[in-house]
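When reading the values below, keep in mind they use all heavy atoms of this one structure, side chains included, and skip hydrogens, waters and symmetry mates.
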Amino acid sequence: LLGFLLAFLGLALPGTQGRIIPRCEMVKILRRNGFEGFVGKTVADWMCLVKHESDYNTRAYHDNGPSRDYGIFQINSKYWCNDGRTAGATNGCHVSCSKLQDDNIEDDIRCAKKIAQEARGLTPWYGWKNRCQGRDLRSYVRGC
C-alpha cells in the first residue's frame with residue numbers, strides 16, 4: 001500500500017527537480033495508464049524506450065541542434081511541445097516543454113500516447129528503433 005501511495009503521489013504532486021523513477025515503479029505506471037497493447041506494443045517495449053531515451057529520468061534533456069527532446073519520453077520541441085525557442089514548432093500536444101521535465105508525468109504520458117497513436121507505433125523514437133525493436137525485451141519488466 002505504501003508503495004502504491006508513493007507512486008500515486010509521484011504522479012500527482014508537481015515538482016521542480018525531477019527524479020529517476022525506479023524500474024518496477026515505471027512498469028506499474030505504464031500498466032496503470034493502459035500502455036500494455038497500446039498501438040500493438042507491450043509495456044516491455046515502452047520500458048526499453050524509456051530506458052534508452054531518458055534512463056527513467058523525468059528531467060532528461062537532449063539538444064538536437066534546431067530542436068530539443070524533453071522528459072522521460074524525450075518528446076521533441078519541433079513537433080510536440082513548446083519551448084519558446086524552436087523555429088517552426090507545431091506543439092502537437094499543446095504543452096510547454098518545461099512541463100515535460102517535472103515530477104508529474106501525466107502530461108508526458110498523454111503526449112507520448114498521442115505521438116505513438118499518430119505514428120501507429122514507436123518508430124518516432126530512435127532509442128526504441130535502434131535498441132529495442134525486434135529484440136527480446138522481457139528483462140525490462142522481469143520481476144515487476
**Q** Cys81 and Cys111: sulfurs closer than 2.5 Å?
**A**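 Cysteines Cys81 and Cys111 do not qualify as a disulfide pair, their SG atoms being 2.5 Å or more apart.
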**Q** Is there side-chain contact between Asn76 and Thr86, with at least one heavy-atom pair below 4.5 Å?
**A**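 Counting from C-beta outward, Asn76 and Thr86 never come under 4.5 Å.
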**Q** Under a 3.5 Å distance rule, please check whether Gln101 uses its side chain to pair with a backbone N or O of Ala60 as donor and acceptor.
**A**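 Indeed, once roles are kept as given, a pair shorter than 3.5 Å links the two residues.
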**Q** To the nearest 0.5 angstrom, please state how far the CH2 atom of Trp125 sits from the SG atom of Cys132.
**A**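 Answer rounded to 0.5 Å: 12.0 Å.
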**Q** Looking only at heavy atoms, what is the nearest atom pair of Lys114 and Cys93, with distance?
**A**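 Heavy atoms of Lys114 and Cys93 come nearest at CD-SG, 4.1 Å.
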**Q** Give the C-alpha distance, both sets of side-chain angles, the deciding distance and a yes or no for side chain to side chain contact (heavy atoms under 4.5 Å, CB included) between Trp46 and Glu36.
**A** CA-CA 9 Å; Trp46 285 95; Glu36 188 62 55; over 6 Å; no
**Q** Looking at Ser77 and Asn82, would you say the former's side chain and the latter's main chain have a donor-acceptor pair under 3.5 Å?
**A**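 Not a single qualifying donor-acceptor pair exists.
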**Q** Assess whether side chain to side chain contact (heavy atoms under 4.5 Å, CB included) is satisfied between Ile115 and Tyr79, documenting all intermediate values.
**A** CA-CA 9 Å; Ile115 295 166; Tyr79 305 104; over 6 Å; no
**Q** Considering all heavy atoms of both residues, which atom of Ala44 and which atom of Tyr140 are nearest to each other, and what is their separation?
**A**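 Taking every non-hydrogen atom into account, O-CB, 4.1 Å.
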**Q** What is the minimum heavy-atom distance between Val141 and Arg31, and which atoms define it?
**A**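 Smallest interatomic distance, heavy atoms only, reads CB-NH2, 4.1 Å.
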**Q** Would you please say whether a donor-acceptor pair under 3.5 Å links the side chains of Asn91 and Trp80?
**A**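 No, no side-chain donor-acceptor pair sits under 3.5 Å.
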**Q** Evaluate the side chain to side chain contact (heavy atoms under 4.5 Å, CB included) criterion for residues Ile105 and Ile21: first the C-alpha distance (whole Å), next the side-chain angles of each, then the deciding distance (0.1 Å), finally the verdict.
**A** CA-CA 10 Å; Ile105 65 166; Ile21 298 179; 4.0 Å; yes
**Q** Show your reasoning for whether salt bridge (charged side-chain N to carboxylate O under 4.0 Å, His left out) applies to Glu25 and Arg19.
**A** CA-CA 12 Å; Glu25 184 180 333; Arg19 68 188 187 108; 2.7 Å; yes
**Q** Could you state the interatomic distance from CG (Leu100) to OG1 (Thr58), rounded to the nearest 0.5 Å?
**A**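 So the gap between those two atoms works out to 10.5 Å.
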**Q** Could you check whether any side-chain heavy atom of Arg85 comes within less than 4.5 Å of a side-chain heavy atom of Arg68, counting everything from C-beta outward?
**A**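 With C-beta onward as the side chain, the pair touches.
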**Q** For Asp45 and Lys41, indicate whether the former's side chain and the latter's backbone hold a donor-acceptor pair under 3.5 Å.
**A**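 Flag not set: sc Asp45 to bb Lys41 has no pair under 3.5 Å.
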**Q** Assess whether atom NZ of Lys28 is packed by more than 12 heavy atoms of other residues, nucleotides or ligands within 6.0 Å.
**A**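 No, because the 6.0 Å sphere around NZ of Lys28 holds 12 heavy atoms or fewer from other groups.
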**Q** Can you tell if the side chain of Leu122 reaches within under 4.5 Å of the side chain of Lys129, non-hydrogen atoms only?
**A**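 No; the side chains remain at least 4.5 Å from each other.
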**Q** Got Val95 and Ile75 here, is their nearest side-chain heavy-atom distance under 4.5 Å?
**A**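 They are not in side-chain contact.
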**Q** Would Tyr61 and Asp69 count as having a side-chain donor-acceptor pair, cut-off 3.5 Å?
**A**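 No, no side-chain donor-acceptor contact under 3.5 Å.
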**Q** Minimum heavy-atom separation for Asp55 to Ile20, with atom names?
**A**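 Result for this residue pair: O-CG2, 4.0 Å.
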**Q** Side chains of Asn57 and Ser54: do they bring a donor and an acceptor to under 3.5 Å?
**A**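 Judged by distance alone, the side chains do not pair up.
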**Q** Could you tell me whether the side chain of Met47 reaches within less than 4.5 Å of the side chain of Val27, counting heavy atoms only?
**A**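 They are in side-chain contact.
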**Q** Parallel, tilted or perpendicular, judged at 30° and 60°: which one describes the rings of Phe35 and Phe73?
**A**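 Answer is parallel, since the angle falls under 30°.
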**Q** Salt-bridge test for Lys113 and Glu118: reply yes if a basic N is under 4.0 Å from a carboxylate O, no otherwise.
**A**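 The answer is no: the pair does not qualify as a salt bridge.
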**Q** Using every non-hydrogen atom in the two residues, find where Glu53 and Gln74 come nearest and quote the distance to one decimal.
**A**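 Between these two residues, the closest heavy atoms are O-CG, 3.2 Å.
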**Q** To the nearest 0.5 Å, tell me how far Leu49 CG sits from Gln133 CD.
**A**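 Answer rounded to 0.5 Å: 11.5 Å.
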**Q** For residues Arg23 and Tyr56, is any side-chain donor paired with an opposing acceptor at under 3.5 Å?
**A**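 Judged by distance alone, the side chains do not pair up.
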**Q** Closest approach of Asp108 and Asn104, non-hydrogen atoms and distance?
**A**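 Heavy atoms of Asp108 and Asn104 come nearest at OD1-O, 3.4 Å.
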**Q** Would you mind reporting whether Arg59 and Asp103 have side-chain heavy atoms less than 4.5 Å apart?
**A**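 The answer is no, as the side chains (C-beta and beyond) never meet within the 4.5 Å cut-off.
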**Q** Taking Asp136 for the side chain and Arg138 for the main chain, is one N or O donor matched with an acceptor at less than 3.5 Å?
**A**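 Yes; at least one donor-acceptor contact below 3.5 Å.
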